[in-house]
2 protein chains.
Amino acid sequence: MNAPIRIWDSLQRNRNERLARARSQLGADLAGKALPAARIADLLHAVLENGDRVCIEGNNQKQADFLAQALAGLDPQRVHGLHMLQSVLALPEHLDVFERGVASKLDFSFSGPQAGRVAKLAASGKLNIGAIHTYLELFSRYFIDLPPRVALVAAEAADRHGNLYTGPNTEDTPPIVEATAFKNGIVIVQVNRIMDELPRIDVPGDWVDFVVQSPTPYYIEPLFTRDPAQISEIQVLMAMMAIKGIYAEYQVQRLNHGIGFDTAAIELLLPTYGASLGLRGKIATNWALNPHPALIPAIEAGFVESIHSFGSELGMENYIRARPDVFAVGPDGSMRSNRAYCQAAGHYACDMFIGSTLQIDLAGNSSTATLGRISGFGGAPNMGADARGRRHASPAWLKAGEQARHGSGAIPRGQKLVVQMVETFREHMQPAFVEKLDAWELGEQAGMAIPPVMIYGDDVTHILTEEGIANLLLCRSTEEREQAIRGVAGYTPVGLGRDKRMVENLRDRGIITRAEDLGIDKRQATRDLLAAKNMKDLVRASGGLYDPPKRFRNW
Amino acid sequence: MNAPIRIWDSLQRNRNERLARARSQLGADLAGKALPAARIADLLHAVLENGDRVCIEGNNQKQADFLAQALAGLDPQRVHGLHMLQSVLALPEHLDVFERGVASKLDFSFSGPQAGRVAKLAASGKLNIGAIHTYLELFSRYFIDLPPRVALVAAEAADRHGNLYTGPNTEDTPPIVEATAFKNGIVIVQVNRIMDELPRIDVPGDWVDFVVQSPTPYYIEPLFTRDPAQISEIQVLMAMMAIKGIYAEYQVQRLNHGIGFDTAAIELLLPTYGASLGLRGKIATNWALNPHPALIPAIEAGFVESIHSFGSELGMENYIRARPDVFAVGPDGSMRSNRAYCQAAGHYACDMFIGSTLQIDLAGNSSTATLGRISGFGGAPNMGADARGRRHASPAWLKAGEQARHGSGAIPRGQKLVVQMVETFREHMQPAFVEKLDAWELGEQAGMAIPPVMIYGDDVTHILTEEGIANLLLCRSTEEREQAIRGVAGYTPVGLGRDKRMVENLRDRGIITRAEDLGIDKRQATRDLLAAKNMKDLVRASGGLYDPPKRFRNW
């Protein structure tokens, strides 16, 4: 009996079949790699096969919206059972593919505005969730067990050879295209323009199979823009505590900020309150961060040495171009972002992550998962995890590690600062502190193996509220940890349930710190401390270079 | 008083000055971006400035050796104080730059064969070590606080526009070039050939400033090749225990293997012992791994679904080309490796890392640091750390997490399997188990902030020796952990110091498992189980496609 002959190049053969189908169906309409927008459905029908893993971009900001629409409009009789891979579900079309039966399975990272619909479709059985990932984890799986068969991505421009210019919003494109192209998949790109000569090449044309100029430029969301006019005085107070009680205390130089008004307040206080404490050049010098407009005053004041970005931010193009010492710009003058490398940097090259959450439990576990919404956590789990593979030292990292291990007999080791910054009550008077995370119930409802926690309590080093800072590094037992958390939980039921004597003891030992313990005069905590009080101030601080999107302009 | 005018484009201006100097000095010898090898010293003198951060490639395998020689030969009167950044110090020239005073500071990941000389130069004050990093951590810092001013890299070929073909040994090139090019640095590449048309483009020419054809092809080391003839029967036994006691027990599908005979034995036992246990398709299907020749029999037997690689391996080119379903190959048929993405995948997309070490202490901390050698740890800290940012579940990850947290009341969470596989005595009868790691003394000698630990004990889940497997996940106290380690430490002083009753109790509870507890018949543990017993067998298994480097051929 002969052994069956094993085929070792089935992916290559299959790729060639798909390409042959595309050529035969599009025929003369193909000019090199370029095809007319009107033929996109024909191309997709030609190259897709039922059950394909399809990666669509699907970023935090940049969306391959034209391709998403085309995909959602396909005939489910002809194409179905697709397994979608994407960082972010942002557009209705990202869910329409499931509603219409074109796709049936999903692996993703974040679904923000679509989280309610994800939950509904999952409950109805139309959408089968593989897993929820942090971004870098999802990219990693593209190279190991989830290589895309077809990738649908977006770029600023392409030339006729398929070379891509992704410009400031490169975001997730490079690893998606690399993982697909080098597993004999098919790469299709929507571009805003087809040019004879690109400003620069971000992705080589060899890796790209088809480009199509979309009727309108790709959709992009200014996700990281916060109007300073909406920052409250409580947020100013919390920002003061963060700067004095954490940034200065640990001499934090390399860091990442989450999105939100809490951290925007810190950014706007660096050149005022931070400078008054003599911290210029001593803290917050090197950032893994998108180009937040709220950083403009700190940059102008010389606080910021460098910023490497996951993606860009709408309206910041000219400002970035004029500040190439600070941002990562190419010889052409425009920025290059890269979510994969920036997430790696956020994990391994930063001393601190500070961000917000919706709920924190008594062990410090936090989650933004709420009932009826399956949202994922994007980059937070990666940034908000102790980087246990890290081996280079810095004062901040050593101090955190020393506090965590002091007296334990464990071998010395540094630790990342992971700060959760929340007001004790969020909107509609929902307490931020809870006995049990909603994540438990959501996890059960959605059939998850474990509850969807954003940041685990044992990775959190500080919790900061308007009532004070709880330093969890210094806690020596589960009970101390619980009381430290209760001790900053204000008038929430969790806060009211504190053991007052124990909380006072924790305060005596410096585990809980109040604003007054830091020498902060609460009367100083006014909006006057903000280096910019509204969008117009940001534009002014930028010397007119920042050009906010329309919805942020009221002048 | 007017505020001083802030310069925001000093890096761009400085880059332009460097390029102008190069053009003026090389003049007509520059053909586009290409210059003759004889002019390399002139180019380096023209573009380098004292104190520059210079990144040289410096990989595990591929070496920009021509550029390293040129750099080491520069006049230290004219160029000095360089701050070298490199993944690996492999060549004498990598140290000559310090010996000769051209460079003075070093940030790196691994120094393997040069570790003794690193220690000597550090002690003499000629080499000032910034820090030791795991690879992905070092790349990450290139984007945050250590952007290279000048990068010296190696590629297979370039065209006249500076486009690069890095082929199978892409390794570290992409992030180095990206970090440099987008901070207005200078990128210089040595290539084996300059071609009119490249097989494919791996790095766009826009990112590259100068290419030079080196007189001889770049040096490359077949680092991952192990001759099966040298595998001992003890290693066969340990491999059997690994497969039955860990791989099968946890259903490990996605994994990374360290380098060495221990893990080569496992690779060679998959198609024999592994198949006899019915494990084909159930374990070890998806790999983050270089193309180890020892994997050929497992690939041929259909055990391996996919392999994504950090770098390639000399002699495997034709075999890889003929197995594109397994490896990441481009449309041109040759492999693409990428250390950054593969390290991310090793961290986030794998359920297990298994590797070896030189010393393990009573808490399970391990290190390959020995006195008089400053070697670093390469990728091990990244792979051998629990990926606390990971959020997707798998049976292996859930089971490990459940074992670690069972009964603790902590919120459920998965955990990565991190296995240290050592014989109790290594060569020259040095015990692998010690009361105190040499790393402590080395750290003090070298003025390190903390001892250089490769993998921390609290990240290690299993220790496997010829005496058995210690499952540290199941230990519930520091004492249990210590006795579990002593209980597999054989006749080393640490092993002899065990509390026999406690060790028996741990065995009863399944925390220590002996070969016989796994139903493994030690008499079966012979070299006959190896799917290939020597290099010739590997060639045969590959159908003649594998072409081992000369030093591995004795026929």
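Just so it is clear: chains get the letters A, B, ... in the order the sequence lines come, proteins before strands, and each one is counted from 1. Computed from a predicted model, the values in this text were never measured in an experiment.
A distance of 8.0 Å separates OG in A:S334 from CZ in B:F182, rounded to the nearest 0.5 Å. How far OG of B:S109 is from CZ of A:R391: 11.5 Å, rounded to the nearest 0.5 Å. Rounding to the nearest 0.5 Å gives a distance of 9.0 Å between CZ of A:R405 and CD1 of B:I450. Expressed to the nearest 0.5 Å, how far OH of A:Y348 lies from CD1 of B:I144 amounts to 15.0 Å.
Most heavy-atom pairs under 4.5 Å with chain B: of the set A:R390, A:M454, A:H347, this distinction falls to A:R390. Ranked by heavy-atom pairs under 4.5 Å with chain A, the first of B:A385, B:G384, B:G130 is B:A385. Of the listed residues (A:D107, A:V326, A:L146, A:N16), the greatest number of heavy-atom pairs within a distance under 4.5 Å of chain B belongs to A:V326. For the set A:H133, A:R200, A:Q253, the count of heavy-atom pairs under 4.5 angstrom toward chain B peaks at A:R200. Counting heavy-atom pairs closer than 4.5 Å to chain B, the top residue among A:R323, A:E305, A:M383, A:K183 is A:R323. No other option in A:D9, A:V329, A:D361 has as many heavy-atom pairs under 4.5 Å with chain B as A:V329.
For B:I201 against A:W207, the heavy-atom pair with the smallest separation is O-NE1, 2.8 Å. Here the closest heavy-atom approach between residue A:H392 and residue B:A131 is recorded as CB-CB, 3.4 Å. Taking all atoms of both residues into account, the shortest heavy-atom contact from A:L398 to B:A449 is CD1-CB, 3.6 Å. The two atoms that bring A:G302 and B:R6 nearest to each other are CA-NH1, 3.4 Å, heavy atoms only. When every heavy atom of A:G389 is checked against every heavy atom of B:E137, the shortest pair comes out as O-OE1, 3.8 Å. The two residues B:Q12 and A:P324 make their nearest non-hydrogen contact at NE2-CB, 3.7 Å.
B:P174 touches chain A through backbone and side chain together, each having a heavy atom under 4.5 Å away. For a residue to count as touching a neighbouring chain, one of its non-hydrogen atoms must lie under 4.5 Å from one of that chain's; by this rule A:L138 does not touch chain B. Residue contact with chain A, scored on non-hydrogen atoms closer than 4.5 Å, is absent for B:M448. Residue contact with chain B, scored on non-hydrogen atoms closer than 4.5 Å, involves the backbone and the side chain of A:D202 alike. Residue B:N163 does not touch chain A at all, counting heavy-atom pairs closer than 4.5 Å. For B:F327, the part sitting under 4.5 Å from any heavy atom of chain A is the backbone (N, CA, C, O) and nothing else. When heavy atoms are compared at a cutoff of 4.5 Å, B:D458 approaches chain A by way of both its backbone and its side chain. Contacts of A:M335 with chain B are absent, with no heavy-atom separation under 4.5 Å from either backbone or side chain. When heavy atoms are compared at a cutoff of 4.5 Å, A:A363 does not approach chain B at all. For chain A, the nearby parts of B:P175 are the backbone and the side chain; heavy atoms of each come within less than 4.5 Å. Neither the backbone nor the side chain of B:L198 comes within contact range of chain A; no heavy atoms are under 4.5 Å apart. Within the 4.5 angstrom heavy-atom criterion, only backbone atoms of B:A322 (N, CA, C, O) approach chain A. Contacts between A:A439 and chain B at a heavy-atom distance below 4.5 Å are absent for every atom of the residue. Looking at B:W287, only its backbone comes within 4.5 Å of chain A, counting heavy atoms on both sides.
Looking only at side-chain heavy atoms (C-beta outward), B:E300 and A:W8 come within less than 4.5 Å of each other. For the pair A:L136/B:Y341, no side-chain contact is recorded, criterion being any heavy-atom separation below 4.5 Å from C-beta on. A heavy-atom distance below 4.5 Å is found between the side chains of B:P412 and A:P451.
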Passes side chain to side chain contact (heavy atoms under 4.5 Å, CB included), B:N338 versus A:F143? Steps please.
CA-CA 10 Å; B:N338 188 320; A:F143 292 97; over 6 Å; no
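Contact check on B:E178 versus A:R336 returns a salt bridge, with a Lys/Arg side-chain nitrogen under 4.0 Å from an Asp/Glu carboxylate oxygen. Under the 4.0 Å criterion applied to side-chain N and carboxylate O atoms, A:R254 and B:D145 are assigned as salt-bridge partners. One finds no salt bridge joining B:D386 and A:R388 here, because no Lys/Arg side-chain nitrogen approaches an Asp/Glu carboxylate oxygen to under 4.0 Å.
At least one donor-acceptor pair under 3.5 Å links the side chain of A:S140 to the backbone N or O of B:A344.
B:C342 is linked by a side chain to side chain contact (heavy atoms under 4.5 Å, CB included) to B:A288, B:H308, B:F310, counting only residues two or more places apart in sequence or in another chain. When the side chain to side chain contact (heavy atoms under 4.5 Å, CB included) test is applied to A:S10, the partners found at least two apart in sequence or on another chain are A:I7, B:D325.
For the pair B:R413 and A:Y456, the cation sits on the ring face: its NZ or CZ lies under 6.0 Å from the ring centre, inside 45° of the axis.
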